[in-house]
Amino acid sequence: QVALVESGGGLVQAGGSLRLSCAASGRTFSSYAMGWFQQAPGKEREFVAAISRGGGITDYADSVKGRFTISRDNAKNTVYLQMNSLKPEDTAVYYCAAGGKYWGGRLTDEYDYWGQGTQVTVAS
């Protein structure tokens with residue numbers, strides 16, 4: 001089993017920035033594409049960003065393109081989500097996920113392992 005632990009969430013003002021981190025256990029981190037998803041109360045878990053196993057391919061939801069950047073450091077078994085120009089509608093629990101598809105994917109069922117989530121709240 002792969003354990004994923006998110007950190008970096010918090011309360012920020014609109015226009016501010018946060019960097020989320022997701023630390024993975026094990027020595028096979030580079031075998032997994034990684035994704036970030038968001039879930040607000042009463043809503044489905046939605047795709048935010050994904051990164052391929054080696055980090056060469058990234059994908060973003062339209063709502064975050066130009067504002068968020070996903071990256072990974074395989075030597076540290078960590079994936080990051082740099083969140084800039086935050087908006088109140090970005091408020092959600094953010095989950096990282098690990099999966100077997102090399103490009104990441106936009107669907108929750110494309111991923112095998114999930115973290116517990118970290119709350120991001122953007123105040124206006």
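For the pair Met34/Cys22, a side-chain contact is recorded, criterion being any heavy-atom separation below 4.5 Å from C-beta on. Side-chain contact check for Thr91 versus Val120: every heavy-atom pair is 4.5 Å or farther apart. Annotation: side chain of Tyr80 is in contact with side chain of Asp73 (closest heavy-atom distance under 4.5 Å). Contact check for Leu4 versus Tyr95: no side-chain heavy atoms found under the 4.5 Å cut-off. With a 4.5 Å cut-off on side-chain heavy atoms, Leu86 and Leu18 count as touching.
Between Gly105 and Ala50, the shortest heavy-atom contact is O-CB, 3.8 Å.
Within the model, atoms CD of Glu89 and OG of Ser63 stand 8.5 Å from one another, a figure rounded to the nearest 0.5 Å. Atoms CG and CZ, on Leu20 and Phe68 in that order, are 8.0 Å from each other to the nearest 0.5 Å.
With sequence neighbours excluded, the residues that form a side-chain contact (heavy atoms from CB on, under 4.5 Å) with Ala49 are Tyr60, Ile70, Leu81. With sequence neighbours left out, Asp59 forms a side-chain hydrogen bond (donor to acceptor under 3.5 Å, both in side chains) with Arg106.
Surrounding CD of Gln116 are at most 12 heavy atoms belonging to other residues, nucleotides or ligands under 6.0 Å away. Counting non-hydrogen atoms of other residues, nucleotides and ligands closer than 6.0 Å to NZ of Lys65 gives a total above 12.
Within the 3.5 Å criterion, the main-chain N or O of Trp103 finds no donor-acceptor partner in the side chain of Ser52. Using modelled atom types, one side-chain atom of Glu6 and one backbone atom of Cys96 make a donor-acceptor pair closer than 3.5 Å. The closest donor-acceptor contact from the side chain of Ser25 to the backbone of Ala3 lies under 3.5 Å.
By the rule that hydrophobic residues join a cluster once side-chain heavy atoms approach within less than 4.5 Å of another member, Val93 and Phe37 end up as members of one cluster.
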Next on the checklist: Could you walk me through whether Met83 and Ser17 satisfy the side chain to side chain contact (heavy atoms under 4.5 Å, CB included) test, starting with their C-alpha distance in whole Å, then the side-chain angles of each, then the deciding distance to 0.1 Å, before giving a yes or no?
Outcome noted: CA-CA 5 Å; Met83 310 167 70; Ser17 297; over 6 Å; no
Next on the checklist: Run Lys87 and Asp90 through salt bridge (Lys or Arg N to Asp or Glu O under 4.0 Å) and show every step you take.
Outcome noted: CA-CA 5 Å; Lys87 304 175 180 179; Asp90 297 320; over 6 Å; no
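Between Phe47 and Trp36, the distance from one ring center to the other does not fall under 6.0 angstrom. Aromatic pair Tyr32/Tyr111: centroids not less than 6.0 angstrom apart.
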